[in-house]
J.: 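Pasting a structure here, questions to come.
Along the sequence shown, residues are numbered consecutively beginning with 1. What's counted below: heavy atoms across the whole structure, side chains too, no hydrogens, waters or symmetry copies. These figures come from a predicted structure and were not determined experimentally. Both counts, for ligands and for their atoms, begin at 1 and track the order of listing.
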Amino acid sequence: MSNVIFDLDGTLLDTGGIVDEVCEEFLVAKYGKQWDGRNLEKRLGKKPLQAAAAIVEDYELPCTPEQFLAETVDLVRGRFRNAKALPGANRLLKHLVAHKIPIAIGSNSYRSFIAEKLAPHSGWTENFPVIVAGDEVQEPKPSPQIFLEAAKRLNATPSCCLVIEDSPTGITAGKAAGMKVVAVPSLPSKASRHLYASADQILSSLLDFKPELWGLPPFQDWIANALPIEPWYISGPVIRGFGRGSKVLGIPTANLPTGAFSKQLAEQVCGIYLGWARLSDKGVFKMVMSVGWNPYFDNAEKTVEPWLLHEFPEDFYGEELRLIVVGYIRPEANFSSLEDLINKIHEDGRIAKAALDVPPYSAFQEDKFLQQ
Ligand code: ADP
Ligand code: RBF
Ligand code: MG
């Protein structure tokens, strides 16, 4: 594989959050209706007018899709600059550019929108000389036209192109173009997994992308079996969790209420992380943490559950816990037995313990946030 074609929205950029924000505000203000983000699959990877039609239908709005789009498009557009790069996007782009791998964007969005979305991100406009937009081809995804045109402009044969996509529509398009396709699904839940079945690989996020599987140069940025990340900081009182950490697994996890940092949490990839914990006046401890939905137990909400790598004589419900999360270990997984899950968590614990002794992870033990 010598070329990579990226979808933009939901793959490199978190624009879904912006659409949600605008729809939430607009539906209440204009129609007194409550946005709940339902039926994302009808909008994901679609052209703007198709997405608008889905919303008009789903919320029974007394307007045409054209009117809805006309009234909301500038609101959404005004917020493009707030769209954040998805976790792992900058890391992957920098890597491919450094190794001179030709890259392109193939998106159903309009050309002018794409330019505005790329602009705030350092290096993105310059690094994508090839962009094929929905308004530059006759048929948008799921037709292969966008990706075939991108290959043409890259001077590449389709079989030498890898597509990275978050939407089922885009996966269909990439396969129809005769390309390899890696999916990073934006649609959550097991229920939508079958929509991604034709992808060559399904990843939880770009953090798990392994270039060498596709004939591309490998990453060399893992340190001590973990990937250093932009640190994130959260805190709160320890609350009761699902009551199974110690009882079922023999591994206690100190649950935190997520309300105070729900937006921050929504942006984080589900997975296993390492970092440092300050517990009330008891001290600073190493920790390994699960972030997500615990697929093995099929929870209904996204939680954070740190296991402090220290023996405590007693429970500490209600005490204040502050966490700095500094490295990523692996995606959340499902397991065929409880024993396999427990073994994996112990392995995560060993990785965290060792990694936190070395830079860059070790330095955060001294972070001001953890001082009393
Ligand atoms: P819950 O489901 O209520 O979170 P757990 O069985 O997961 O219950 O136990 C977690 C509780 O155990 C924590 O809230 C904390 O009070 C206590 N605890 C004791 N040792 C530890 C540890 N090393 N790491 C995390 N929590 C611990
Ligand atoms: N649950 C899962 O369903 N899949 C996992 O891959 C997973 N990994 C974990 C890793 C660590 C380090 C910890 C502390 C927990 C993990 N769990 C995982 C969460 C576990 O299911 C949870 O702590 C218990 O359900 C108690 O709430
Ligand atoms: Mg717990």
J.: Looking at atom 5 (P) of ligand 1, what's its closest protein heavy atom, distance included?
T.: Ser246 OG, 3.6 Å
J.: What protein heavy atom lies closest to atom 8 (O) of ligand 1? Include the residue and the distance to one decimal.
T.: Tyr317 OH, 3.3 Å
J.: Which residue and atom name correspond to the protein heavy atom nearest atom 23 (N) of ligand 1, and how close is it?
T.: Leu308 O, 2.8 Å
J.: Out of all atoms in ligand 1, which are within 4.0 Å of some heavy atom of Arg240? Include the element for each.
T.: 3 (O)
J.: Does the distance from a Lys or Arg side-chain N to an Asp or Glu carboxylate O, for Glu230 and Lys84, drop under 4.0 Å?
T.: no
J.: Is the shortest distance from a Lys or Arg side-chain nitrogen in Lys175 or Asp200 to a carboxylate oxygen in the other one below 4.0 Å?
T.: yes
J.: Decide whether a cation-pi geometry holds between Arg77 and Tyr110; the criteria are a distance under 6.0 Å from NZ or CZ to the six-membered ring centre and an angle within 45° of the ring axis.
T.: no
J.: For atom 10 (C) of ligand 1, find the nearest protein heavy atom and state the residue, atom name and distance (0.1 Å precision).
T.: Thr253 O, 3.1 Å
J.: Backbone or side chain, does Ser246 get an N/O/S atom under 2.8 Å to the Mg ion (ligand 3)?
T.: no
J.: Taking atom NZ of Lys353 as the centre, does the number of heavy atoms from other residues, nucleotides or ligands within less than 6.0 Å exceed 12?
T.: no
J.: Got a donor-acceptor contact below 3.5 angstrom from the Asp9 side chain to the Gly16 backbone?
T.: no
J.: How far is atom 27 (C) of ligand 1 from its nearest protein heavy atom, and which residue and atom is that?
T.: Phe316 CZ, 3.3 Å
J.: Kindly assign one of parallel, tilted or perpendicular to the pair His99 and His95, based on the angle between their ring planes and the thresholds 30° and 60°.
T.: tilted
J.: Would you mind checking if Arg278 and Glu320 are paired as a salt bridge, meaning a charged N to carboxylate O distance below 4.0 Å?
T.: no
J.: Cation-pi check for Tyr233 against Arg322: NZ or CZ below 6.0 Å from the six-membered ring centre and within 45 degrees of the axis, yes or no?
T.: no
J.: For atom 21 (C) of ligand 1, which protein heavy atom lies nearest, and how many Å away is it?
T.: Pro252 CG, 3.6 Å
J.: Angle class for the Phe285/His310 ring planes (parallel below 30°, perpendicular above 60°, tilted otherwise)?
T.: tilted
J.: Quick test: of every protein heavy atom, which one is nearest to atom 13 (C) of ligand 1, and how far off is it to 0.1 Å?
T.: Ala254 CA, 3.9 Å
J.: Using a 4.0 Å cutoff against the non-hydrogen atoms of His310, which atoms of ligand 1 qualify?
T.: 23 (N)
J.: Identify all N/O pairs between ligand 2 and the protein with a separation under 3.5 Å and present them as a table of atom names and distances.
T.:
| residue | atom | partner | partner atom | Å |
| --- | --- | --- | --- | --- |
| ligand 2 | 3 (O) | Pro295 | N | 3.2 |
| ligand 2 | 3 (O) | Tyr296 | N | 2.8 |
| ligand 2 | 4 (N) | Ala333 | O | 2.7 |
| ligand 2 | 6 (O) | Arg330 | NH1 | 2.9 |
| ligand 2 | 6 (O) | Arg330 | NH2 | 3.2 |
| ligand 2 | 6 (O) | Ala333 | N | 3.1 |
| ligand 2 | 6 (O) | Ala333 | O | 3.4 |
| ligand 2 | 8 (N) | Arg330 | NH2 | 3.0 |
| ligand 2 | 23 (O) | Glu305 | OE1 | 3.0 |
| ligand 2 | 25 (O) | Arg244 | NE | 2.7 |
| ligand 2 | 25 (O) | Arg244 | NH2 | 3.2 |
| ligand 2 | 25 (O) | Asn294 | ND2 | 3.3 |
| ligand 2 | 27 (O) | Glu305 | OE1 | 2.8 |
| ligand 2 | 27 (O) | Glu305 | OE2 | 3.4 |

J.: Just jot down the ligand 1 atoms closer than 4.0 angstrom to any heavy atom of Val238, in number order.
T.: 14 (O)
J.: Using the ring centroid of each side chain, check whether Phe26 and Phe68 are separated by less than 6.0 Å.
T.: yes
J.: Give the residue and atom name of whichever protein heavy atom lies nearest to atom 12 (O) of ligand 1, and the separation in Å to one decimal.
T.: Asp315 OD1, 3.6 Å
J.: Answer yes or no: is there a donor N or O on one side and an acceptor on the other, between the side chain of His121 and the main chain of Ala83, under 3.5 Å?
T.: yes
J.: Could you tell me whether some N/O pair between Gly243 and ligand 1 is separated by less than 3.5 angstrom?
T.: yes
J.: For ligand 1, which part of Glu305 has a heavy atom less than 4.0 Å away: the side chain, the backbone, both, or neither?
T.: neither
J.: Does the side chain of Asn108 reach to within under 4.5 Å of the side chain of Ile146, using non-hydrogen atoms?
T.: yes
J.: Any nitrogen or oxygen of Asn255 lying under 3.5 Å from a nitrogen or oxygen in ligand 1? Just yes or no.
T.: yes
J.: If hydrophobic clusters are built from ILVMFWY residues whose side chains come within less than 4.5 Å, do Trp276 and Ile229 share one?
T.: no
J.: Please determine if Pro306 has a nitrogen or oxygen closer than 3.5 Å to a nitrogen or oxygen of ligand 1.
T.: no
J.: Purely on distance, is any nitrogen or oxygen of Phe242 under 3.5 Å from one on ligand 1?
T.: yes
J.: Taking the six-membered ring for Trp, are Phe80 and Phe113 closer than 6.0 Å centroid to centroid?
T.: yes
